[in-house]
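The structure appears right after this line, and notes come after that.
Below, chain A is the first sequence line, B the second, and so on; all start at residue 1.
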There are 2 protein chains.
Amino acid sequence: MLKLAILGFLRDHPLHGYDLKTRIAALTGHVKPIADGTLYPAIKRLETAGLLTRRSAPGKIAAPRHMLELTQDGIDYLRKLLREPDELSITDENRWFTLLAFLRHLENPREQAIVLRRRLAFLSDPVSYFYDAQGRPMAADEFDDPFRQGLLTISQAANRAEFRWLHTTIGELERH
Amino acid sequence: MLKLAILGFLRDHPLHGYDLKTRIAALTGHVKPIADGTLYPAIKRLETAGLLTRRSAPGKIAAPRHMLELTQDGIDYLRKLLREPDELSITDENRWFTLLAFLRHLENPREQAIVLRRRLAFLSDPVSYFYDAQGRPMAADEFDDPFRQGLLTISQAANRAEFRWLHTTIGELERH
DNA sequence: TTCGTATACATCGGCGCCGATATACCGGGT
DNA sequence: ACCCGGTATATCGGCGCCGATGTATACGAA
């Protein structure tokens, strides 16, 4: 979610819109810039909600910048988003990765319990990618076409990596 | 994209809305159901555009089903989507994975050249996840917090798996 | 000189997604 | 007898995202 990314980046230090734009673009891994028509309205919404303030600053190269800074309400709201992400849908990869990126802002390890929920989701969610003509889920090696095999291979690699990471991280959290 | 998933599934055999719903939910890996208010309007749009037709069928358990079937226009349009995905943004993981899932519908290996574009994107896109306070991109081992390290670990695992797969798949395609 | 590109912000229309809500039937449990 | 959960479809309001467009400045290359 955009809101989370904006607040998360601003938590570190004040930034102007254009700077936020490039950082958010890089957040998903491959660089996919978010549209101006997405970012600036989002900033305005957060400002209207009183979560951030702006201060004009001379532009280093071009137009004047608006330096954005979190208010105390913004800091509190970010903490809330990280602790109790609006819902359920931990199954949304983008949201989860964004959350991971800023989870460090919760200093107390006990507040980072969200990773436990994530592991739970991994254990209970059946991860199946396709069904055959009769509606039965298909196993990995049943696929005849290389593209679905590839899809499965890539996803499984990511899942394995994440599960391993969850395991060690939770272990370390519990040691405190 | 929803449109692509609907057309892709229907390419195999006719399905009713509810069935599509469960298949699409599983498509993303973890099961995240798409909302009724998303699916049914999407079906109606495709129907209005003449890409699919519906036939009423008695519901096996409850309400009557509407079996959905691609028209010739629908088949043609799916082929077009697979060959020339609206644009550029191969960087959108969801779209790319959905495309992969149905790329088999292009029988001619020469039409599957989209994977070359994907590899190109991998080679040219700098994949960097975070910047420091001065705006410089940070390397993996510079991260102090375990969450950003995890994010990087997971993403890199997926990237490596995909790149390896791209390499072997392209090799095999070129042998034809 | 002029053009392209990067910086920097803003607005607007369209449209797709989602949650809420409604209807209706069936089977199984209490 | 009753309710709950799963099957099955549909509509609607809200809102967020995106592409297009506009404005303005600075720098380097053609």
What are the atom names and distances for every N/O pair under 3.5 Å that joins the protein to nucleotides 13-16 of chain D?
unit_1  : atom_1 : unit_2 : atom_2 : d
dG16(D) : OP2    : R45(A) : NE     : 3.3

Specify the separation, in whole Å, of atom [atom1] of [X] and atom [atom2] of [N].
X: Y18(B); N: dA10(D); atom1: OH; atom2: C1'; value: 15 Å
X: R65(A); N: dA10(C); atom1: CZ; atom2: C1'; value: 17 Å
X: I34(B); N: dA10(D); atom1: CD1; atom2: C1'; value: 14 Å
X: E47(B); N: dA10(D); atom1: CD; atom2: C1'; value: 13 Å
X: D36(A); N: dA10(C); atom1: CG; atom2: C1'; value: 9 Å
X: L15(A); N: dT7(C); atom1: CG; atom2: P; value: 15 Å
X: I43(B); N: dT9(D); atom1: CD1; atom2: P; value: 8 Å
X: L20(B); N: dT9(D); atom1: CG; atom2: C1'; value: 13 Å

Inset, instruction - Using distance alone, with no hydrogens and no angle criterion, decide if D76(B) and Q72(B) have a side-chain donor and acceptor under 3.5 Å apart. - result: yes
Basic-acidic side-chain contact under 4.0 Å: [X], [Y]:
X: R119(B); Y: E162(B); result: no
X: R23(A); Y: D12(A); result: no
X: R79(A); Y: E107(A); result: yes

Establish, with yes or no, whether the OP1 or OP2 oxygen of [N] is under 4.0 angstrom from a side-chain nitrogen or oxygen of [X].
X: H66(A); N: dA8(C); value: no
X: Y40(B); N: dT9(D); value: yes
X: R54(B); N: dA10(D); value: yes
X: K44(B); N: dT11(D); value: yes

Legend entry - H105(A) side chain vs G8(A) backbone, donor-acceptor pair below 3.5 Å: yes
Legend entry - Backbone of G50(A) reached by a side-chain donor or acceptor of T71(A) within 3.5 Å: yes
Inset, instruction - Choose from dC9(C), dG19(C), dT11(C) the nucleotide whose nearest atom is closest to any side-chain atom of P41(A). - result: dT11(C)
Legend entry - salt bridge (Lys or Arg N to Asp or Glu O under 4.0 Å) between D36(A) and K21(A), worked out: CA-CA 8 Å; D36(A) 289 353; K21(A) 187 183 166 178; 2.9 Å; yes
